[in-house]
Amino acid sequence: MPFIAFLGCDGSGKSTVIAGVTARLLDEGERVSTGHWRPKPFASGKSHVHSGADDPHGSSPRGNAASILKLGWLWLNWRVAWWLHLGRERRNGYLIFDRYHGDMLADPRRYRYGGPLWLAWLACRYMPQPDRVVFLDAPADVLLTRKQEVDAGALAKSRQAYLDLCATSPRFCIVDASRPIADVMHEVFFILRNCGNPNVMDFPTNNSGRS
């Protein structure tokens, strides 16, 4: 079964999409485990998906040394959690994360990371990787109609950083989140269901949101 991670700027609808897709999978008899950003290594069973902070960019980045220590702690959490329970949960069902370690590469300010970005890239490379990463994309003006925690300039910058991240690997799928939620969920569910098929990479419509 696949490990799926969701990324998106604030207001992209991640929580709604994850909740809807999870409910549908459970209705179909699938096992689903969920998480948010950093797993808790000694947690058992399913963890809950938490919403983002009210002011995700409100705190200053940590210093270089503190950032590197936090990065090491993040790496350790992912490796130990995968060994203890996440790997098993992935084998037994769907593993779905609302944000994951790769989110720090696009939005280090959210996690107060002030260390070298090359080190963050290296650390993330050696953490467990999702089979698919779904980026829910929408223009800044659409996002601002849903949430106002981040200003338009910061949203535009974050959106571009996510799109740049998506270009680094074929594991990333870009979904147009400015459409009605039913259309977004239909496409996301198609991606999840075809995750194990390397011959099916694109949603069969002209409105897939890929760029």
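Residues Ile4 and Val21 form no side-chain contact, since every pair of their non-hydrogen atoms from C-beta on lies 4.5 Å or further apart. Side chains of Leu25 and Ile96 form a contact here, defined as non-hydrogen atoms less than 4.5 Å apart. Residues Phe97 and Leu86 are in side-chain contact: their nearest non-hydrogen atoms beyond the backbone lie under 4.5 Å apart. Contact of the Glu187 side chain with the Asp183 side chain is not registered, since no non-hydrogen atoms from C-beta on lie closer than 4.5 Å. Residues Arg110 and Asp10 meet the side-chain proximity criterion, which asks for heavy atoms closer than 4.5 Å. The shortest side-chain heavy-atom distance between Pro61 and Arg109 falls under the 4.5 Å cut-off.
Under the rule for a ring pair (Phe, Tyr, Trp, His ring centres under 6.0 Å), the partners of Tyr111 that lie at least two apart in sequence or sit in another chain are Trp37. Taking Tyr162 as the reference, Arg99, Asp103 meet the side chain to side chain donor-acceptor pair (under 3.5 Å) condition, with sequence neighbours excluded. For Asn77, the side chain to side chain donor-acceptor pair (under 3.5 Å) partners are Arg38, not counting sequence neighbours. Partners of Leu144 according to the side chain to side chain contact (heavy atoms under 4.5 Å, CB included) rule, which considers only residues two or more places apart in sequence or in another chain, are Ala152, Leu155.
Applying the salt bridge (Lys or Arg N to Asp or Glu O under 4.0 Å) test to every pair with at least one member in residues 152-170, sequence neighbours left out, gives these pairs: Asp137-Arg159. Applying the salt bridge (Lys or Arg N to Asp or Glu O under 4.0 Å) test to pairs two or more places apart or on separate chains, none has a residue in residues 57-85.
No donor-acceptor distance shorter than 3.5 angstrom exists from the side chain of Glu28 to the backbone of Ala23, with no hydrogens or angles considered. A donor-acceptor pair under 3.5 Å is formed between the side chain of Thr145 and the backbone N or O of Val142. A distance-only check finds a donor-acceptor pair linking the side chain of Asn92 to the backbone of Arg88 [under 3.5 Å]. No donor-acceptor pair under 3.5 Å is formed between the side chain of His36 and the backbone N or O of Tyr100. Not one N or O on the side chain of Ser67 forms a donor-acceptor pair closer than 3.5 Å with the backbone of Tyr113.
Ring-centre distance between Tyr126 and Trp78: not below the 6.0 Å cut-off.
The structure places CG of Leu7 at 8.0 Å from NZ of Lys14, a figure rounded to the nearest 0.5 Å.
Between Trp82 and Phe3, the ring planes are tilted. Angles from 30° to 60° get that label.
Remark: Glu30 does not engage Arg24 in a salt bridge, criterion side-chain N to carboxylate O under 4.0 Å. Using a 4.0 Å cut-off between a side-chain N of Lys or Arg and a carboxylate O of Asp or Glu, Asp131 and Arg90 qualify as a salt bridge.
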